[in-house]
K.L.:
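The structure under discussion is supplied below as structure tokens; questions concerning it will follow.
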Amino acid sequence: MGVLRNSQIHLLTVQVRNIEHERFKDYVIQFLKVYYFFVFCESHEKYSTHLKSFLSSLRLSSYTIYLWKLVNPYLKLMVNELPSPKMYIDDNVEALDFYDRLTINGKIAATDRDYKPIRQYPLFGAGKNTYVFLDFRFFVDKFYQGFLFDFSAITKILFGNLKTEMGSEFSEHILFYTVMAKCFSGYGDIRLSGDEIKAKIGSGEPDYYIRQGSDVFLFEFKDVVITADIKYSGDPEKIKKGISEKLEITSDGKRKGISQLLNTIKSIGSDLYKLKGVDHIQADETAFYPIIVHTDITLESYG
């Protein structure tokens with residue numbers, strides 16, 4: 001048992017720092033996420049101003065142009081008969097200016113264990129109108145995760161503050177609710193968003209609730225990032241603590257994902273949902289399936 005546990009611990013420390021570079025990144029998912037974010041910004045009083053500032057700094061007239069410039073070269077490479085890390089851009093000042101901003105040429109690139117310089121500048125200028133992808137996955141990150149860092153830097157919003165502000169207003173209420181509604185439109189006797197449940201019980205609601213017969217599926221959505229200092233620490237205790245603070249309970253005792261799901265199950269078990277008219281279920285005859293939905297592939301690490 002001790003040997004098994006030691007192997008798991010070793011595997012965990014290796015996996016958390018490497019899994020991102022071993023897995024395929026689906027550009028479609030990233031593309032949809034940033035598209036929904038732009039739509040959200042358009043109709044939001046505060047973020048519409050930030051969006052204008054972001055596009056103005058890139059000298060782009062609309063976010064659709066930004067999206068097209070990201071996806072177009074990537075799609076061209078996918079249909080290219082010969083595998084190549086190179087892309088060629090026809091003479092177009094606006095397009096070339098856009099890609100030049102993503103090149104690492106001439107940039108001060110300090111050594112970083114989390115590949116920060118390449119994440120920020122995933123292209124290398126290799127001659128007239130020609131660019132080399134330093135890493136396709138980091139270019140795909142520009143579709144959303146890397147884009148958020150750029151958006152934060154250009155609009156002068158601290159990245160942590162941006163993620164916090166987006167947490168409820170966009171990530172949960174727009175992105176997550178939209179995905180859940182589309183994925184499960186034909187499943188479940190009852191489907192309720194966290195907002196719908198909160199309106200009835202006041203607080204302590206899950207992010208999404210689906211019941212099919214006597215099976216209840218409870219969802220918590222965590223749009224969190226495991227930071228580089230945790231991933232590359234090599235310390236299993238620090239890694240476990242870092243994950244726990246993101247998904248279970250914070251250092252100041254605030255309940256997160258796992259604890260929130262347990263609290264929801266207890267609430268349903270005490271007949272709160274029946275008494276408040278959320279759903280008329282018999283708790284002692286119900287099978288619960290607690291599910292955490294996350295956005296950081298690090299949380300899929302083995303061990």
Side-chain angles (χ1 to χ4, degrees), residues 29 32-33 35-37 39-47 144 148 160-226 243-296 299-300:
I29 294 174
L32 285 173
K33 286 162 72 173
Y35 168 74
Y36 283 132
F37 178 70
V39 172
F40 159 76
C41 286
E42 264 192 323
S43 59
H44 192 283
E45 182 179 356
K46 177 181 176 181
Y47 277 88
Y144 187 68
L148 289 181
N161 294 342
L162 175 64
K163 290 287 286 186
T164 300
E165 288 180 12
M166 286 172 53
S168 60
E169 292 193 67
F170 169 69
S171 297
E172 182 181 321
H173 289 82
I174 306 295
L175 180 62
F176 182 61
Y177 285 177
T178 300
V179 170
M180 293 298 289
K182 290 182 181 294
C183 286
F184 297 100
S185 60
Y187 182 82
D189 298 323
I190 184 170
R191 296 181 297 276
L192 297 169
S193 70
D195 281 348
E196 292 172 306
I197 298 174
K198 187 174 184 178
K200 294 185 177 182
I201 69 172
S203 63
E205 75 286 351
D207 289 331
Y208 217 85
Y209 175 102
I210 297 176
R211 179 174 63 78
Q212 176 73 24
S214 60
D215 294 333
V216 171
F217 302 87
L218 302 170
F219 298 83
E220 280 293 332
F221 176 59
K222 293 302 168 195
D223 187 15
V224 296
V225 175
I226 304 300
I243 293 174
S244 175
E245 290 197 348
K246 296 287 187 181
L247 296 182
E248 185 176 8
I249 191 166
T250 63
S251 55
D252 59 1
K254 183 180 178 182
R255 284 198 300 260
K256 305 288 280 186
I258 296 169
S259 298
Q260 289 171 311
L261 288 169
L262 287 172
N263 186 62
T264 296
I265 293 171
K266 289 178 182 177
S267 296
I268 296 174
S270 66
D271 288 334
L272 175 67
Y273 278 41
K274 183 185 291 186
L275 293 171
K276 294 292 186 178
V278 176
D279 188 14
H280 296 285
I281 59 173
Q282 195 67 35
D284 58 355
E285 297 177 0
T286 300
F288 293 100
Y289 297 88
I291 301 165
I292 290 180
V293 180
H294 64 83
T295 58
D296 188 348
L299 294 172
E300 294 182 20

K.L.:
About how many Å separate CG of Asp296 and NZ of Lys222, when rounded to the nearest 0.5 Å?
P.N.:
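The NZ atom of Lys222 sits 14.0 Å away from the CG atom of Asp296.
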K.L.:
Less than 3.5 Å apart, which donor and acceptor atoms pair up between the side chains of residues 175-184 and the rest of the protein, not counting sequence neighbours?
P.N.:
from: Tyr177; atom 1: OH; to: Gly194; atom 2: N; distance (Å): 3.1
from: Tyr177; atom 1: OH; to: Asp195; atom 2: N; distance (Å): 3.0
from: Thr178; atom 1: OG1; to: Ile174; atom 2: O; distance (Å): 2.5

K.L.:
In terms of side-chain geometry, is the basic nitrogen of Asp279 or Lys274 positioned less than 4.0 Å from the acidic oxygen of its partner?
P.N.:
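Judged by the 4.0 Å cut-off on N to carboxylate O distance, Asp279 and Lys274 do not form a salt bridge.
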K.L.:
By ring-ring contact (aromatic ring centres under 6.0 Å, His included), which residues pair with Tyr289, not counting sequence neighbours?
P.N.:
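Tyr289 satisfies ring-ring contact (aromatic ring centres under 6.0 Å, His included) with Phe217 only.
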K.L.:
Does a donor on one side chain and an acceptor on the other come within less than 3.5 Å for Gln260 and Lys254?
P.N.:
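Per modelled atom types, Gln260 and Lys254 side chains form no pair under 3.5 Å.
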K.L.:
Tell me if the aromatic rings of Tyr209 and Phe219 count as close, with their centers under 6.0 Å from one another.
P.N.:
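For Tyr209 and Phe219, the ring centres are not under 6.0 Å apart.
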K.L.:
Short question: side chain of Glu220, backbone of Gly257 - any donor-acceptor pair under 3.5 Å?
P.N.:
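Side chain of Glu220 to backbone of Gly257, a donor-acceptor pair under 3.5 Å: no, none is there.
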K.L.:
Using atom types as modelled and distance alone, determine if a side-chain donor or acceptor of Glu42 lies under 3.5 Å from a backbone N or O of Val39.
P.N.:
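Not at all, since once roles are kept as given, no pair shorter than 3.5 Å links the two residues.
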K.L.:
Where is the tightest heavy-atom contact between Gly188 and Ile210, given as atom of each residue plus distance?
P.N.:
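Result for this residue pair: CA-CG2, 4.0 Å.
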K.L.:
What do you reckon, is OH of Tyr36 surrounded by more than 12 foreign heavy atoms closer than 6.0 Å?
P.N.:
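Yes, enclosed.
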K.L.:
Can you check whether Phe170 and Phe37 have ring centres sitting under 6.0 Å from each other?
P.N.:
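For Phe170 and Phe37, the ring centres are under 6.0 Å apart.
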K.L.:
Verify the neighbour count for atom NZ of Lys266: are there more than 12 heavy atoms of other residues, nucleotides or ligands below 6.0 Å?
P.N.:
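Atom NZ in Lys266 is not packed in, count stays at 12 or less.
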K.L.:
Verify, without hydrogens or angle tests, whether Asp207 (side chain) and Phe221 (backbone) share a donor-acceptor contact under 3.5 angstrom.
P.N.:
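Checking the backbone N and O of Phe221 against the side chain of Asp207, a donor-acceptor pair under 3.5 Å is found.
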